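Quick caveat: nothing in here was measured; it's all calculated off a predicted structure. In the text below, chain A, chain B and the rest are named by the order of the sequence lines, each starting its count at 1.
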Number of protein chains: 2
Amino acid sequence: MQNKQHKFRQHLVRSGLKATRQRELIARAFFATNTHISAEALYRRVSGRDRRIGLVTVYRTLKLLKEAGLAHERQFGEGRALFEHASSDRHHDHMICSHCGKIVEFENCEIEALQEEVARRLGFTIQYHKLELYGRCKDCRADASGGTGRIRAVGAR
Amino acid sequence: MQNKQHKFRQHLVRSGLKATRQRELIARAFFATNTHISAEALYRRVSGRDRRIGLVTVYRTLKLLKEAGLAHERQFGEGRALFEHASSDRHHDHMICSHCGKIVEFENCEIEALQEEVARRLGFTIQYHKLELYGRCKDCRADASGGTGRIRAVGAR
DNA sequence: AATGAAATTGACAATCAATATCACTTTCAA
DNA sequence: TTGAAAGTGATATTGATTGTCAATTTCATT
Ligand SMILES: [Mn+2]
Ligand SMILES: [Mn+2]
Ligand SMILES: [Zn+2]
Ligand SMILES: [Zn+2]
């Protein structure tokens with residue numbers, strides 16, 4: 001989205017950082033995604049446009065996008081982090097199929113409210129939280145192929 | 001607890017594994033803890049008893065304890081895993097102070113029920129979930145020492 | 001108690017995602 | 001145009017965890 005690209009550029013300027021060709025490209029590729037994507041996978045996409053860009057720069061740019069409030073970093077299960085758009089989207093949590101890796105987003109105000117209540121009771125002030133539900137999606141429940149229970153395709157491109 | 005030690009020995013026998021001096025020692029040290037502890041920290045404790053035991057064996061024994069249903073492995077925030085007793089304890093979730101690392105356990109049936117409802121609506125069957133609340137505890141809110149927001153003492157011994 | 005096959009151990013190397021280093025290149029305000 | 005400061009990318013490094021493998025230990029069986 002042109003708007004997000006512009007916001008990113010603004011963040012760079014306001015922070016006294018430079019707008020480089022690489023950052024433009026990487027941000028553009030990121031904004032073109034609509035799922036949860038790993039740095040590695042994003043790197044592969046960017047490589048298609050410019051073979052010279054390094055994975056390290058992808059990591060660095062994703063960090064900048066987080067600082068700009070345009071990306072969220074998620075740590076599902078184990079292994080690598082996944083990134084997704086933040087921008088004006090409202091908060092959401094995730095339900096993940098432990099068999100095929102499918103990720104479904106959801107939002108539940110009642111749960112959010114109860115979390116606040118729990119925290120208050122414990123004398124805490126919540127800054128952020130992580131709620132992840134792991135289980136079998138409809139498709140993976142149907143096919144009785146047991147499997148290993150390992151996540152198979154999280155973050156694959 | 002003597003009981004847990006016995007259950008561990010039983011698991012070893014039933015699984016055709018051997019009861020070694022190292023496993024006894026490491027399990028004993030683990031059962032003597034009452035918090036969330038890292039493999040490294042447990043290793044340091046065990047080292048006090050027997051300098052020759054290797055960190056690798058601590059990792060292996062913790063895996064066995066998990067398989068025996070006597071330990072849970074938790075991945076809070078970043079870095080290393082923390083382990084805690086499982087045994088007959090019921091399920092619980094965690095509230096973590098992002099400033100001092102304090103971990104408080106809680107349980108909320110209403111939240112659990114709502115999670116099931118969400119999953120059902122999405123066509124999933126929950127196998128397990130992760131709910132972590134991060135924020136400031138009473139003490140760390142009082143002292144206005146801003147800080148970095150980084151967790152300071154999680155898993156320290 | 002002795003035996004020996006199979007499991008276990010611990011030193012060390014390997015992995016894997018992510019970060020640090022650093023010489024060279026690019027940006028951009030002046 | 002210019003040059004100080006920031007950025008890049010190849011490479012090395014980190015840190016937690018796991019794999020390898022020769023030497024050691026366990027334990028069911030003699
Ligand atoms: Mn999401
Ligand atoms: Mn706990
Ligand atoms: Zn599935
Ligand atoms: Zn605190």
Side-chain angles (χ1 to χ4, degrees), chain A residues 8-27 29 36-44 46-47 49-68 71 73-83 150-151 154-157, chain B residues 8-27 29 36-44 46-47 49-68 71 73-83 150-151 154-157:
Chain A
F8 183 47
R9 232 175 278 129
Q10 285 216 319
H11 172 73
L12 294 178
V13 172
R14 273 195 305 253
S15 307
L17 304 174
K18 293 176 178 172
T20 65
R21 187 178 46 80
Q22 291 90 333
R23 285 174 179 169
E24 285 285 320
L25 256 171
I26 294 167
H36 305 77
I37 190 169
S38 68
E40 179 76 33
L42 183 60
Y43 166 66
R44 270 182 259 122
V46 171
S47 280
R49 295 277 167 197
D50 183 339
R51 194 53 54 83
R52 283 164 300 173
I53 289 183
L55 172 58
V56 187
T57 301
V58 172
Y59 273 109
R60 286 191 282 231
T61 304
L62 281 168
K63 179 178 283 186
L64 290 177
L65 285 165
K66 280 197 294 178
E67 288 167 13
E73 180 175 353
R74 310 284 187 185
Q75 282 292 137
F76 298 132
E78 41 224 275
R80 58 190 166 220
L82 298 184
F83 299 82
R150 296 281 316 290
I151 293 177
V154 171
R157 64 152 302 179
Chain B
F8 183 47
R9 233 176 276 126
Q10 286 218 316
H11 171 74
L12 293 177
V13 172
R14 272 196 305 253
S15 308
L17 304 174
K18 293 177 177 174
T20 67
R21 185 176 49 78
Q22 291 91 332
R23 284 172 180 171
E24 285 286 320
L25 255 171
I26 294 167
H36 306 76
I37 191 169
S38 67
E40 179 75 32
L42 184 61
Y43 166 67
R44 270 182 259 125
V46 171
S47 281
R49 296 275 168 197
D50 182 339
R51 193 54 54 85
R52 282 165 301 173
I53 289 183
L55 172 59
V56 187
T57 303
V58 172
Y59 272 108
R60 286 191 283 231
T61 304
L62 281 169
K63 180 177 281 186
L64 290 177
L65 286 164
K66 280 197 295 176
E67 287 167 15
E73 180 176 352
R74 310 284 187 185
Q75 283 291 135
F76 297 133
E78 44 224 275
R80 59 193 166 219
L82 298 184
F83 299 83
R150 298 278 318 288
I151 293 178
V154 170
R157 66 152 302 180

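Listed by first and then second residue, the salt bridge (charged side-chain N to carboxylate O under 4.0 Å, His left out) pairs that reach into residues 11-25 of chain A are A:Arg9-A:Glu24, A:Arg21-A:Asp50, A:Glu24-A:Arg28, sequence neighbours excluded.
Among the protein residues, A:Ala39 comes within range of no part of the nucleic acid, since none of its heavy atoms lies under 4.0 Å from any strand.
For the side-chain contact (heavy atoms from CB on, under 4.5 Å) test, residues two or more places apart in sequence or in another chain that qualify with B:Glu40 are B:Ser38, B:Tyr43, B:Arg44, B:Leu55. Partners of B:Arg51 by side-chain contact (heavy atoms from CB on, under 4.5 Å), not counting sequence neighbours, listed by chain and number: B:Ser47.
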Got a list of side-chain donor-acceptor pairs under 3.5 Å for residues 56-66 of chain A, not counting sequence neighbours?
residue : atom : partner : partner atom : Å
A:Thr61 : OG1  : A:Thr57 : O            : 2.8
A:Lys66 : NZ   : A:Glu73 : OE1          : 2.3

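Between the CD atom of B:Glu40 and the P atom of D:dT18 there is a distance of 14 Å, rounded to whole Å. Remark: C1' of D:dG19 and CG of B:Leu55 are 14 Å apart, rounded to the nearest angstrom. As a whole-Å value, the separation of B:Leu62 CG from D:dA16 C1' is 13 Å.
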Which nucleotides of nucleotides 5-11 of chain D have their base under 4.0 Å from a protein heavy atom (B), which only their sugar-phosphate (S), and which neither (-), written as one string 5' to 3'?
BSSBB-B
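Environment of CZ in B:Arg74: crowded, with over 12 heavy atoms of neighbouring residues, nucleotides or ligands closer than 6.0 Å.
Contact between A:Ala29 and A:Val46 at its shortest, heavy atoms only, is CB-CG2, 3.6 Å. Across every non-hydrogen atom of B:Ala68 and B:Phe8, the tightest pair is CB-CD1, 4.4 Å.
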Begin with the C-alpha distance, continue with both residues' side-chain angles, and end with the deciding distance and a verdict on side-chain contact (heavy atoms from CB on, under 4.5 Å) for B:Leu82 and B:Phe76.
CA-CA 8 Å; B:Leu82 298 184; B:Phe76 297 133; 3.8 Å; yes
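The outermost nucleotides of DNA chain C lying under 4.0 Å from heavy atoms of chain B, listed 5' to 3', are C:dA6 to C:dC12.
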